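In what follows, a structure is listed as structure tokens, so that the remarks can point back to it.
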Amino acid sequence: MIAYILQRLLSIALSLFGVSLLVFFMVHLIPGDAALIILGERATEDALVELRQQMGLDQPLYKQYGKFLWDLAHLDLGRSFKTNERVIDEILRKFPATVELTLAAMGFSIVFGIGAGIIAAVNRGKFWDYMTMFGSLAGISMPIFWLGLMLILLFAYTFPIFPSSQRLDVMLDLDIQHRTHFYLIDTLLAGDLVAFRNAVSHLILPAMTLGTVPLAIIARMTRSSLLEVLNQQYIMTAHAKGLPKRIVILKHALKNSIIPVLTVIGLEFGYLMGGAILTEHIFSWPGLGSWLRAAVEARDIRPIQGGVLFVAWIFMMVNLIVDLLYAYFDPRIRVGGAAV
Amino acid sequence: MKEHRRQVYRALIRQKSAVIGASILIFFILAAIFAPLVATHDPREADVISRLKGWSKEHYFGTDKVGRDIFSRIVYGSRISIKIGVVAMTFSISLGTSLGIIAGYYGGWLDNVIMRVMDMMLALPSILLAMVIVTILGQSLTNVIIAVSIVYIPQYARILRASVLIIREQEYVMAARVIGASDLRILTTAVLPNCLAPLIVQATLGMGAAILDAAGLSFLGLGAEVGEPEWGAMLNENRALIRRAPWTVMTPGIAIFLIVLGFNLLGDALRDVLDPQVQT
């Protein structure tokens, strides 16, 4: 197991090194002068020279990259040229919003995805199986940015049940002390149930939007994995013993078919980080995704570099955890050594 | 070979999802080819007098905030989407396939270098990687196509490498090597044809994914230029009007959904037919 972990850590270190090269060279790959792009056409020559010096663009490449890595090791990701704030501070402030959204979306997709998968598998070849499978194919094909807009149209405007943007109503937001920047936790810590309910209602539409694609994928995986197990003899034995169908499926079958589903859930976290960019844009959700989008639009180099590195790092850590859990549950992986 | 192809074709016809998926795609392809005949208006022509009109006989899908006919924009938009799908896939398949074959067939350090770079690309969510590439190249539809193409290279490289690793050890490949066939000949006549099945499936699914990603980038305001009849950009332009004129965002989204659904239905059916091992 330790050898396996070391092997995985090494490959992660390699990948991170690669990503750091990519974001480092981003500045140099941009056609034209990076300083000119940052300061705009009307910048004076003096300002350009100063910025180039400040960014170290006048130094040889290897020195620049060395400094980049050195800063990185000290968690210094530079400052935004637009807001002059430290990038790492902005990331840490925005990240909880994205995590809260992502976890809510994941919870939504796991509960409904596994549920739908079980219903489909149990009713194999019948009406509900076809409905679920068509629904999940539709979910996978769904442009979530459009789905989000439709949810807003339906549940925020036509039937005003849920709010359409932000994390909390402005009036409530002013009263809450932001200790963790996780609004569900902050409102609870403040003991303000009205604000908590308000935060939950703000979370529902974005979580549904972001969770739809993973829901569909989890449903498909649960169905096929469960079908495989349901054909095995010990399930027949359990039925023959006269156990209730519910127990056989939920306890005997589901337990053994859950591992592939877990892998898919882990992989979907990566998707969620990407999907969050779109979802946050629709719902004006003040998280890492909308922050990164704004940085890309403004070509604000430092935040893009920092944000990309940060997301890559989180993504790899999540994948590592999933792989380790997987290896823990299924010893064949450890012995084979090759993770697929 | 011919008989095999006929069998695949017959099996596909029996699959309802293949027929539905293919029909949707043919529908869009015809709309794209005959766009000037199908469209009722100039997709870029503003007509301020008839702005924000609902569905009518004159404007099937209504008009947007500057009075452009949404139906015609969607018809012309299918040209853009299909172009994105086809060009991006052609590019990423050719590069991904070559890299995968080289890595799998030659192995060694070449394999290591290629696959580590692919791993690195897979370490980023696809839309984020595409955003980075668009940042480097600048915002335009062409650059979005390039970005999406690059993003999907690793998937093909992985599939091909895995297939090549198995096929390389087959007896007919050894036989070819024994009679002195060159690497290139072995690769093109023995290895590549046997990798086709997973490649075709992935390419079909990949085209849908590429269209979806490209539309997402345009929706984020990082793709098609303002005013272009690109479906994602149309959604972005009109989303502020969703309350006043919901039809402006309804139909472009349905168009994206349908074309991606078409690719996914066809891809799923192809997988069932070409690869009997993964029956779901």
Side-chain angles (χ1 to χ4, degrees), chain A residues 11-12 14-19 21-23 25-27 29-31 133-134 137-138 140-147 149-150 152-153 156-158 164 220 223-224 227 270-278 281-282 289 292-293 295-297 299 301 304 307-308 311-313 315-316 319 340, chain B residues 17 21 116-117 119-139 158 162 205 208-209 211-213 215-222 231-232 235-236 238-239 242-243 246 249-250 252-265 268 278-280:
Chain A
S11 97
I12 284 183
L14 264 177
S15 290
L16 269 182
F17 173 71
V19 176
L21 271 179
L22 173 77
V23 299
F25 276 108
M26 232 171 77
V27 184
L29 286 172
I30 293 177
M133 282 306 98
F134 180 76
L137 198 66
I140 291 170
S141 316
M142 187 66 73
I144 60 164
F145 39 97
W146 178 70
L147 176 70
L149 292 175
M150 290 300 111
I152 290 179
L153 181 63
Y157 294 150
T158 313
S164 64
R220 278 162 75 109
R223 175 183 178 270
S224 65
L227 280 179
Y271 164 81
L272 286 178
M273 297 295 292
I277 299 173
L278 291 165
H281 182 51
I282 306 167
L292 253 176
R293 191 206 74 88
V296 169
E297 198 177 44
R299 296 193 122 189
I301 304 285
I304 303 175
V308 169
V311 172
W313 181 71
F315 185 35
M316 284 184 230
N319 278 339
V340 181
Chain B
S17 56
R116 286 299 83 76
V117 173
D119 280 351
M120 186 200 89
M121 289 169 72
L122 287 171
L124 289 171
S126 65
I127 199 148
L128 187 64
L129 183 57
M131 277 168 72
V132 171
I133 297 167
V134 170
T135 315
I136 295 171
L137 299 174
Q139 291 170 24
R158 280 193 147 189
L205 297 172
I211 291 175
L212 205 53
D213 271 359
L217 284 171
S218 291
F219 176 73
L220 290 173
L222 305 174
W231 297 336
L235 281 176
N236 190 35
N238 295 316
R239 74 194 191 102
I242 184 167
R243 219 166 172 171
V249 286
M250 209 98 82
I254 294 177
I256 302 173
F257 169 67
L258 280 179
I259 200 165
V260 177
L261 183 70
F263 279 113
N264 283 344
L265 281 168
D268 262 15
V278 260
Q279 288 283 354
T280 45

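Everything quoted here is computed from the prediction, not taken from an experiment.
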Answer with side chain, backbone, both or neither: which region of [X] has an atom nearer than 4.5 Å to a non-hydrogen atom of chain A?
X        : value
B:Met250 : both
B:Leu265 : both
B:Val134 : backbone

Mind checking whether [X] and [Y] have side chains closer than 4.5 Å, heavy atoms only?
X        : Y        : value
A:Phe145 : B:Ile256 : yes
A:Pro143 : B:Val260 : no
B:Met120 : A:Leu22  : yes
B:Arg243 : A:Thr158 : no

Could you look at [X] and say if it's the side chain, the backbone, both or neither that has a heavy atom under 4.5 Å from chain B?
X        : answer
A:Met142 : both
A:Leu16  : neither
A:Leu14  : side chain

Please report the interatomic distance [atom1]([X]) to [atom2]([Y]), rounded to the nearest 0.5 Å.
X        : Y        : atom1 : atom2 : value
A:Arg293 : B:Phe219 : CZ    : CZ    : 9.0 Å
B:Leu128 : A:Ile277 : CG    : CD1   : 5.0 Å
B:Asn264 : A:Leu137 : CG    : CG    : 5.5 Å
B:Ile259 : A:Ser141 : CD1   : OG    : 11.5 Å
B:Arg239 : A:His281 : CZ    : NE2   : 4.0 Å
B:Leu220 : A:Glu297 : CG    : CD    : 9.0 Å

What option among [options] has the most heavy-atom pairs under 4.5 Å with chain A?
options                                : result
B:Gly221, B:Ala215, B:Gly208           : B:Ala215
B:Ile211, B:Ile242, B:Leu217, B:Ile127 : B:Ile242
B:Val117, B:Ile254, B:Leu122, B:Leu129 : B:Ile254

Query raised in the report: Looking at B:Gly216 and A:Leu278, what are the two nearest heavy atoms and their distance?
Result: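 Nearest heavy atoms, B:Gly216 then A:Leu278: O-CD2, 3.6 Å.
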Query raised in the report: Quick one: which of A:Leu292, A:Val308, A:Val23 gives a side-chain contact (heavy atoms from CB on, under 4.5 Å) with B:Val132?
Result: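 Considering A:Leu292, A:Val308, A:Val23, a side-chain contact (heavy atoms from CB on, under 4.5 Å) with B:Val132 is found only for A:Val308.
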Requested in this report: Look at the side chain of A:Trp146 and the backbone N and O of B:Val249, then say whether any donor-acceptor pair between them is shorter than 3.5 Å.
Outcome: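 Yes, because the side chain of A:Trp146 sits within donor-acceptor range (under 3.5 Å) of the backbone of B:Val249.
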Query raised in the report: What pairs with A:Val296 under side chain to side chain contact (heavy atoms under 4.5 Å, CB included), at least two apart in sequence or on another chain?
Result: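 Expected list: A:Ile304, B:Met131, B:Thr135, B:Leu222.
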Report task. Determine the option with the most heavy-atom pairs under 4.5 angstrom with chain B, choosing from A:Leu147, A:Leu21, A:Leu153. Result ->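 Counting heavy-atom pairs under 4.5 Å, the top option is A:Leu153.
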Report task. Please name all residues satisfying salt bridge (Lys or Arg N to Asp or Glu O under 4.0 Å) with B:Arg116, sequence neighbours left out, ordered by chain then number. Result ->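 Result, salt bridge (Lys or Arg N to Asp or Glu O under 4.0 Å) vs B:Arg116: B:Asp119.
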